[in-house]
Asks: 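Provided herewith is a single structure, encoded as structure tokens, for subsequent inquiry.
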There are 2 protein chains.
Amino acid sequence: MNGRVKIIDIAAKLGVSPATVSRALSDSGLVAEPTRSRIREEAAALNYRPNVSARNLRTRRSKAVLMVVRDVGNPFYLDVLKGVEAAAREAGYAVLMGNTENDPERETGFFDMLRDGQADGMVLITGQLPQAGRYSEGLPENLPVVVALEMIDKSGLPHIQIDNRAAARDAVQHLISLGHTRIAHIAGPLPEQMSELRLGGYRDAMQAAGLAIPADYEQRGDYLLGSGKRLCRALMSLPQPPTAIFAANDEMAFGTIAAAHELGLSVPGDLSVVGFDDIYLSEAFQPPLTTISQPRAEVGRAAMTVLLDILEGKGAPEAPLILPTTLQIRGSTAAPRPLVRLRSA
Amino acid sequence: MNGRVKIIDIAAKLGVSPATVSRALSDSGLVAEPTRSRIREEAAALNYRPNVSARNLRTRRSKAVLMVVRDVGNPFYLDVLKGVEAAAREAGYAVLMGNTENDPERETGFFDMLRDGQADGMVLITGQLPQAGRYSEGLPENLPVVVALEMIDKSGLPHIQIDNRAAARDAVQHLISLGHTRIAHIAGPLPEQMSELRLGGYRDAMQAAGLAIPADYEQRGDYLLGSGKRLCRALMSLPQPPTAIFAANDEMAFGTIAAAHELGLSVPGDLSVVGFDDIYLSEAFQPPLTTISQPRAEVGRAAMTVLLDILEGKGAPEAPLILPTTLQIRGSTAAPRPLVRLRSA
DNA sequence: TTGAAAGCGCTAACAA
DNA sequence: TTGTTAGCGCTTTCAA
């Protein structure tokens, strides 16, 4: 009941050596059967639990991995965490959540933890590596780090991703197949590769359908609600307003819909809206949002699985792992309202 | 650059003993000034970082705390986590997230971590203590555990809470002040004390205003979207349907609004809806949800602060800490549509 | 004010 | 198959 039962206590009680107890408990297979059982039973009876610090000190491993994100406050990461956690738990690893808030200081701190052995590996979801300070000359080779959902070029690190470009293309193709031709895009902010990929997918789909993209149809937001609202207003006040808007994430799509409602437009009657991410509540939104669903938990699980392979010396995949997305068709998209001049056609 | 600089390396380089280095770095005040500075500078230059396992093994402390919740997938907890994390970070503690999924096995496991020294303390947000197995005879005394947002009676543990009953009363009073008299409640599930408190607040407010509560006006949900939908339908098909519904959490409120829309009712035109929690996206919802906002980050911060006091031997507060809530009035509530028979009055 | 030495609990060479 | 022994890196008596 006290947590202070040590290996040596079990050894003394059973008249064996501590080493044998350690071996029996760690299933090293080097202990003869009757001994092994006796030891395990006694350990259970005494409620023995290993001292993790002592073990870690000795083995130089921590049996913990770090999952580092920009903002723990973003529910988006929760599903990823669940996947990571499930896979980690099965392999006997604990998961520590790391929150960078985009602070280079903190990003560096988590790499320190890795270096110092406080964690054996890292699932990184921030899109950047520490550059300054003690890592200014580059990171050590063969760092047990897996990048998920973000891309870090030339890092040589394993990546688990989705195909942002193809998914964006799917989203826009859905609008085209409904009959829309005037389709605008609210993109993500500029230095981010992900924004560019989704924008690229939008352009791909438009081009493939032979549709022109007026200069003003590409607006740049910041992934937040407010920019969705603002840019929707801007788009709808164009001389030739779009009949559909593809937003680079759900939050901007929500903003778009809110602004449309404020303008007296119905969604999807007057304006179709597609988002990207399928976040919590997209389904409950009014109208339910048509959006691209990412397999977040699977991404987490895959990232952890790759990380475990690395930790066990099995090596890492050469190419990025691309997980499939699905277009969730819900209530925010419909065929465009027929125009009068089309009637005569 | 290697994470392998040890105290003994610094000691050798400076011609002092490891003990002196340890003392200088831990600021024990027992090192003379010139030595102290030299050591600290050298440590910085060599980029020394202590081996946490070794330190923990020696000091029998882990400088980590556990934050245990029912479901990491619930964004609600993220803000609490942020508060806990901020306070912990300032005090040099790491935060480990624990996810129980309501599994007694896992709940027990986290208490084991506490007992085994893998964590020094715990912020518990699950509403129950492990009972079975190795804790069947009760938990050790003076466990460094703080309960946040939930209540565990007779545990003697410090609590950080909000006043659920008063907050629910505020929510209903808001509806009453708008002129509603037919106000129904969708409560949370039964064995939970929190559900009862919010239900109690609803009854308080109704009684204080002299309003009757028809038997069918109190429905019991499960905090999930679906039950909100289902129970809203049930309520609106009563011979005397309510003009306002107070849901015990936001998710059920969203369900309520979705069901109302499906029934062709406008919110707040035909039905006012109030939620509880002010979760992520309540503000972006259509219509924006009137709800009770809890100071989640502050709850987390307060819980961690109390925990730190306990860990430093400063003792715990006798009475629960109650943090204030605020009623966020948004677009989902309005005065009831005047009835024809009221016109003649 | 500093140093020497012991030891936290565990595992892994090495030996038997 | 089991035991002996050493040592992971740190902190903390105790002694100087």
Side-chain angles (χ1 to χ4, degrees), chain A residues 2-40 42-43 46-64 92 112-120 313, chain B residues 2-40 42-43 46-64 92 112-113 115-120:
Chain A
N2 219 325
R4 307 234 176 83
V5 182
K6 296 173 285 181
I7 275 193
I8 203 173
D9 299 326
I10 304 177
K13 198 143 190 176
L14 263 51
V16 297
S17 78
T20 303
V21 176
S22 171
R23 285 190 279 252
L25 294 176
S26 67
D27 242 342
S28 65
L30 294 164
V31 182
E33 191 31 70
T35 328
R36 198 189 99 102
S37 307
R38 269 172 58 229
I39 291 175
R40 305 209 119 200
E42 188 61 29
L46 291 177
N47 211 345
Y48 166 77
R49 313 220 74 224
N51 178 314
V52 180
S53 295
R55 173 186 289 166
N56 290 349
L57 175 60
R58 179 66 234 228
T59 60
R60 307 166 152 288
R61 291 187 302 117
S62 67
K63 281 282 187 175
D112 287 343
M113 288 179 68
L114 206 59
R115 197 192 57 178
D116 301 343
Q118 290 187 64
D120 295 337
Chain B
N2 219 324
R4 307 233 175 84
V5 182
K6 297 173 284 182
I7 275 193
I8 204 171
D9 300 325
I10 303 177
K13 198 142 189 178
L14 263 49
V16 296
S17 78
T20 304
V21 176
S22 171
R23 283 191 277 252
L25 294 176
S26 67
D27 242 343
S28 65
L30 294 166
V31 182
E33 190 32 68
T35 328
R36 199 189 97 103
S37 307
R38 268 171 59 226
I39 292 175
R40 307 209 116 199
E42 189 60 30
L46 291 177
N47 212 345
Y48 167 76
R49 313 218 75 223
N51 178 313
V52 179
S53 294
R55 172 185 288 167
N56 290 349
L57 175 59
R58 180 64 231 228
T59 60
R60 310 165 151 289
R61 292 187 301 117
S62 67
K63 280 280 186 178
D112 287 342
M113 288 180 67
R115 196 193 59 176
D116 301 342
Q118 290 187 66
D120 296 337

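Within every chain, numbering begins at 1; the chains are lettered A, B, ... in the order of the sequence lines, protein sequences first and strands thereafter. The model shown is predicted, which means the values in this text are computed figures rather than measured ones.
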Asks: Between S17(B) and R55(A), who's closer to the 5' end of DNA chain C by nearest nucleotide?
Replies: S17(B)

Asks: In whole Å, what is the span from the NZ atom of K6(B) to the P atom of dT11(D)?
Replies: 14 Å

Asks: With a non-hydrogen cut-off below 4.0 angstrom, is A32(B) in contact with a base, only sugar-phosphate, or nothing?
Replies: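 Sugar-phosphate contact only - A32(B) comes under 4.0 Å of backbone atoms but never of a base.
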
Asks: Return the value, rounded to whole Å, for the distance between atom CG of L14(A) and atom C1' of dT2(D).
Replies: 14 Å

Asks: Are Y48(A) and dG9(C) close enough that a side-chain N or O sits under 4.0 Å from OP1 or OP2?
Replies: no

Asks: Please determine whether the number of non-hydrogen atoms from other residues, nucleotides or ligands lying under 6.0 Å from atom NZ of K13(B) exceeds 12.
Replies: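 Atom NZ in K13(B) is not packed in, count stays at 12 or less.
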
Asks: Figure out the CD1/P separation between I8(A) and dA6(D), and round it to whole Å.
Replies: 15 Å

Asks: With a non-hydrogen cut-off below 4.0 angstrom, is S53(B) in contact with a base, only sugar-phosphate, or nothing?
Replies: nothing

Asks: Between dG9(C), dG3(D), dT2(C), which one does the side chain of V16(A) approach most closely?
Replies: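 The answer is dG3(D), which lies nearest to the side chain.
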
Asks: Of all the nucleotides listed (dC8(D), dC10(D), dC10(C)), which has the minimum atom distance to the side chain of R60(A)?
Replies: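 Closest of the options to the side chain of R60(A): dC8(D).
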
Asks: Taking only the side-chain heavy atoms of A19(B) (C-beta and beyond), determine which of dC10(C), dA4(C), dA6(C) contains the nearest atom.
Replies: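 Selected nucleotide: dA4(C).
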
Asks: From the options dC10(D), dC10(C), dA4(C), select the nucleotide whose nearest atom is closest to the side chain of N51(B).
Replies: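 Ranking dC10(D), dC10(C), dA4(C) by closest atom to the N51(B) side chain puts dC10(D) first.
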
Asks: Whole-Å distance between dT2(D) C1' and I7(A) CD1?
Replies: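 These atoms are roughly 15 Å apart.
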
Asks: Which nucleotide sits closest to the side chain of L57(B): dC10(C), dT2(D), dC8(C)?
Replies: dC8(C)

Asks: For E33(B) and for A54(B), locate the closest nucleotide of DNA chain C by heavy-atom distance; then report the residue assigned to the nucleotide nearer the 5' terminus.
Replies: E33(B)

Asks: Within the 4.0 Å heavy-atom criterion, would you say T59(B) contacts the bases, only the backbone, or no part of the nucleic acid?
Replies: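 The answer is sugar-phosphate, as T59(B) gets under 4.0 Å only of primed atoms, P, OP1 or OP2.
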
Asks: Nearest-Å distance, CZ (R23(A)) to P (dG3(D))?
Replies: 8 Å

Asks: Counting only N and O atoms by type, is there a donor-acceptor contact under 3.5 Å from the side chain of R55(B) to the main-chain atoms of P50(B)?
Replies: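 A pair under 3.5 Å: no.
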
Asks: For the NZ atom of K63(A) and the CD atom of Q118(B), what is their distance to the nearest 0.5 Å?
Replies: 12.5 Å

Asks: What is the distance, to the nearest angstrom, from the NZ atom on K63(A) to the P atom on dT11(C)?
Replies: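 Whole-Å distance recorded here is 12 Å.
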
Asks: Over all strands shown, is S26(B) touching base, sugar-phosphate only, or nothing at heavy-atom distances under 4.0 angstrom?
Replies: nothing

Asks: Would you say R60(A)'s side chain and G117(A)'s backbone share a donor-acceptor pair under 3.5 angstrom?
Replies: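 Not a single qualifying donor-acceptor pair exists.
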
Asks: Rounded to whole angstroms, how far apart are CG on N56(A) and P on dC10(D)?
Replies: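 Between P of dC10(D) and CG of N56(A): 15 Å.
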
Asks: Distance-only, no hydrogens or angles: does the S26(A) side chain make a donor-acceptor pair with backbone N or O of S22(A) under 3.5 Å?
Replies: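 Yes; judged by distance alone, with no hydrogens or angles, the pair exists.
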
Asks: Closest to the P50(A) side chain: dG3(C), dC8(C), dC10(C)?
Replies: dC10(C)

Asks: Would you say T20(A) reaches dT2(D)'s phosphate, i.e. side-chain N/O to OP1/OP2 under 4.0 Å?
Replies: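 The answer is no; no side-chain N or O of T20(A) sits under 4.0 Å from OP1 or OP2.
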
Asks: Looking at R61(A) and N56(A), would you say the former's side chain and the latter's main chain have a donor-acceptor pair under 3.5 Å?
Replies: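 Not a single qualifying donor-acceptor pair exists.
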
Asks: In whole angstroms, how far is the C1' atom of dG9(C) from the CD1 atom of I10(A)?
Replies: 12 Å

